[in-house]
Amino acid sequence: MVDALGVAVVGFGWMGRVHTQAYARVRHHYPDLPLRPELVTVADEVPGRAEEAAARHGFAAATGDWREVAADPRVRAVSITAPNFLHREIGVAMAGAGKHIWIEKPVGLGAADARAVADAVAGAGVQGAVGFNYRNAPAVEAARDLIAAGEIGAVTHVRVRLFSDYAAHPEGALTWRYERRRGGSGVLGDLASHGADLARYLLGDIVSLTADTAVFLPERARPAGATAGHSRATGGEPGPVENEDYVSCLLRFASGARGVLEACRVSVGEQNTYGFEAHGTKGAVFWDFRRMGELRVSRGTAYQDQPVSTVYVGPGHGEFGAFQPGAANAMGYDDLKVIEAYRFLRSVADGTPCGATLADAVRAAEVLDAMTRSAASGAWIAVPTR
């Protein structure tokens with residue numbers, strides 16, 4: 001028996017489209033999923049955007065007011081892909097209306113916002129999933145299993161990097177992303193949130209850190225109208241960039257391991273250079289998002305001059321088998337969101353969390369808040385642990 005599940009998407013920029021396409025594909029890859037998502041409503045405040053999305057993707061209705069989604073009894077689950085400053089208000093309202101929520105990271109402007117949404121979800125007894133998509137890569141799951149099995153010994157140190165050029169052009173428009181009030185902590189929320197989640201996912205709790213941040217392009221032109229993605233603006237009134245272009249951070253883990261996390265949104269020559277290198281007492285494991293299906297692994301007993309091998313993930317790793325029949329067949333970014341959609345819907349079907357949860361969002365947000373305090377004070381900052 002397959003039950004229909006009415007879903008809505010709130011905020012239809014690029015990420016709203018990705019969520020919508022994941023709903024459309026999820027049962028192709030997971031035919032045994034006992035829920036069938038039905039696209040009920042798309043909401044976006046930009047005039048005409050919701051209507052265009054409904055016509056293109058098959059939503060039954062479109063609206064400019066997300067509150068209509070909260071009041072609609074046909075909607076049982078909601079993707080929240082609106083800008084960061086709206087996450088808390090929409091997330092709390094949707095949970096309060098009894099809707100399951102799949103919300104994009106960083107879940108608001110700080111840990112207080114993430115906790116408010118997490119508390120609302122817990123209080124309403126609904127399920128909540130968070131868009132930490134990189135942990136869904138089968139190679140990342142394979143690396144986690146390898147580390148947990150002691151294949152590289154006790155982990156001594158890890159480096160997590162997230163470099164991109166999406167904000168490198170000096171004509172990039174001064175959108176909400178660059179405002180403290182609406183975008184929050186800049187590259188910390190955009191990219192370092194993924195880094196904090198990956199570090200915790202691989203190695204466990206971060207207990208303290210020290211960070212440095214910088215703004216390298218301090219002024220941008222204001223856009224003349226509505227924007228989507230990372231558009232450009234020329235000739236507009238200039239305004240200040242209020243949040244961070246760059247962060248570097250030293251990490252200490254509860255295990256005793258050390259780490260480095262570095263993220264930048266203005267790295268000329270870098271396109272989605274995301275990944276990690278984890279070193280242990282007997283070996284190492286390396287992952288680069290741009291070669292998503294590969295792990296480079298060093299393990300054995302040589303210690304010195306020990307070789308590194310390339311391992312291609314296959315059907316035995318993570319969710320790979322839902323997409324490809326044999327190792328070394330390529331997967332893509334959108335596939336990671338299909339995995340995320342499956343785990344969200346699995347949570348709804350089973351009534352128990354599956355995949356990244358709002359508790360994970362709170363922990364990542366606490367790491368980001370500690371980075372912000374450390375950058376301001378120059379001190380080591382303790383990160384709450386549970």
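Rounded to the nearest 0.5 angstrom, Ser309 OG and Leu295 CG are separated by 11.5 Å. Rounding to the nearest 0.5 Å places CD1 of Ile152 at 9.0 Å from OG of Ser298. Between Arg222 atom CZ and Tyr178 atom OH the span is 13.5 Å, to the nearest 0.5 Å. Expressed to the nearest 0.5 Å, how far CZ of Arg373 lies from OG1 of Thr210 amounts to 12.0 Å. With rounding to the nearest 0.5 Å, the separation of OG in Ser255 from CG in Leu203 is 6.0 Å.
Under 3.5 Å, the side chains of Glu270 and Ser164 contain no donor-acceptor pair of N or O atoms.
For the side chain to side chain contact (heavy atoms under 4.5 Å, CB included) test with Glu244, the passing option among Arg180, Met371, Arg265 is Arg180; the others fail.
Hydrophobic clustering of Ile, Leu, Val, Met, Phe, Trp and Tyr side chains at less than 4.5 Å, counting indirect connections, keeps Phe163 apart from Tyr333. Residues Leu251 and Val207 do not share a hydrophobic cluster, clusters being chains of Ile/Leu/Val/Met/Phe/Trp/Tyr side chains in contact below 4.5 Å. Hydrophobic clustering places Val18 together with Tyr274 (ILVMFWY residues linked when any side-chain heavy atoms are closer than 4.5 Å, directly or through intermediates). Linking ILVMFWY side-chain heavy atoms closer than 4.5 Å, directly or via other members, places Ile381 and Val383 in two distinct hydrophobic clusters.
By the salt bridge (charged side-chain N to carboxylate O under 4.0 Å, His left out) test, Glu219 is found to be paired with no residue, residues two or more places apart in sequence or in another chain being considered. Tyr30 meets the ring pair (Phe, Tyr, Trp, His ring centres under 6.0 Å) test with Tyr342; sequence neighbours excluded. Listed by chain and number, the residues in a salt bridge (charged side-chain N to carboxylate O under 4.0 Å, His left out) with Arg299 are Glu151 (sequence neighbours excluded). Judged as a salt bridge (charged side-chain N to carboxylate O under 4.0 Å, His left out), and not counting sequence neighbours, Asp119 has no contacts. For Tyr312, the ring pair (Phe, Tyr, Trp, His ring centres under 6.0 Å) test picks out no residue, with sequence neighbours left out.
Scanning all heavy atoms of the two residues, the minimum distance from Ala54 to Ala61 falls at CB-O, 4.3 Å. In terms of heavy atoms, Gly108 sits closest to Pro106 at O-CG, 3.4 Å. Leu33 and Arg346 make their closest contact through CD1-N, 4.1 Å (heavy atoms, listed as atom of the first residue, atom of the second, distance).
Note that Arg159 lies outside the cation-pi zone of Phe276, set by a 6.0 Å cut-off to the ring centre and a 45° limit from the axis.
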For residues 123-131, dump all side-chain donor-acceptor pairs below 3.5 Å to protein atoms at least two apart in sequence or in another chain.
unit_1	atom_1	unit_2	atom_2	d
Gln127	NE2	Gly351	O	3.2

Do any side-chain atoms of residues 38-48 form donor-acceptor pairs under 3.5 angstrom with protein atoms, and if so which ones, sequence neighbours left out?
unit_1	atom_1	unit_2	atom_2	d
Glu38	OE2	Arg36	NH2	2.9
Asp44	OD1	Val46	N	2.9
Asp44	OD2	Phe12	N	2.7

What side-chain donor-acceptor pairs closer than 3.5 Å can you find for residues 137-147, not counting sequence neighbours?
unit_1	atom_1	unit_2	atom_2	d
Glu141	OE1	Arg343	NH2	3.3
Glu141	OE2	Arg343	NH2	3.2
Arg144	NE	Tyr201	O	2.7

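His19 contributes no side-chain N or O that, together with a main-chain N or O of Ser79, makes up a donor-acceptor pair within less than 3.5 Å. With Asp245 contributing its side chain and Ala214 its backbone, the two residues share no donor-acceptor pair below 3.5 Å. One N or O on the side chain of Trp287 and one on the backbone of Met292 form a donor-acceptor pair closer than 3.5 Å.
You'll find the ring centres of His57 and Tyr23 outside the 6.0 Å limit. Not less than 6.0 angstrom separates the ring centroid of Tyr166 from the ring centroid of Trp14.
By the 4.5 Å heavy-atom criterion applied to side chains, Leu109 and Phe85 are counted as neighbours. Here the side chains of Pro384 and Glu366 are in contact, with some heavy-atom distance below 4.5 Å. Trp102 places none of its side-chain heavy atoms less than 4.5 Å from the side chain of Val7. Under the 4.5 Å side-chain criterion, counting only non-hydrogen atoms from C-beta, Val117 is not in contact with Ile90. Contact check for Asp212 versus Ser248: side-chain heavy atoms found under the 4.5 Å cut-off. Within the 4.5 Å cutoff, no side-chain heavy atoms of Asn243 are placed close to those of Arg177. Between Asp288 and Glu294, every side-chain heavy-atom pair lies at or beyond the 4.5 Å cut-off. By the 4.5 Å heavy-atom criterion applied to side chains, Thr310 and Arg291 are not counted as neighbours.
In the hydrophobic clustering (ILVMFWY side chains linked at under 4.5 Å, chained through shared members), Val260 is joined by Leu250, Trp380. Residues Phe216, Tyr246, Val266 make up the rest of the hydrophobic cluster containing Leu217, defined by ILVMFWY side-chain heavy atoms closer than 4.5 Å, directly or through other members.
The existence of a salt bridge linking Arg363 and Asp197 is excluded, since no basic side-chain nitrogen approaches an acidic carboxylate oxygen closer than 4.0 Å. The existence of a salt bridge linking Asp334 and Arg25 is excluded, since no basic side-chain nitrogen approaches an acidic carboxylate oxygen closer than 4.0 Å. Taking 4.0 Å as the cut-off between side-chain N and carboxylate O, Arg135 and Glu340 do not count as a salt-bridged pair.
Among pairs with a residue in residues 96-114, those fulfilling salt bridge (Lys or Arg N to Asp or Glu O under 4.0 Å) read Arg88-Asp113, Glu104-Lys337, at least two apart in sequence or across chains. Within the structure, salt bridge (Lys or Arg N to Asp or Glu O under 4.0 Å) pairs that include any residue of residues 55-73 comprise Glu52-Arg56, Asp65-Arg67, Arg67-Glu89, Asp72-Arg74 (at least two apart or interchain).
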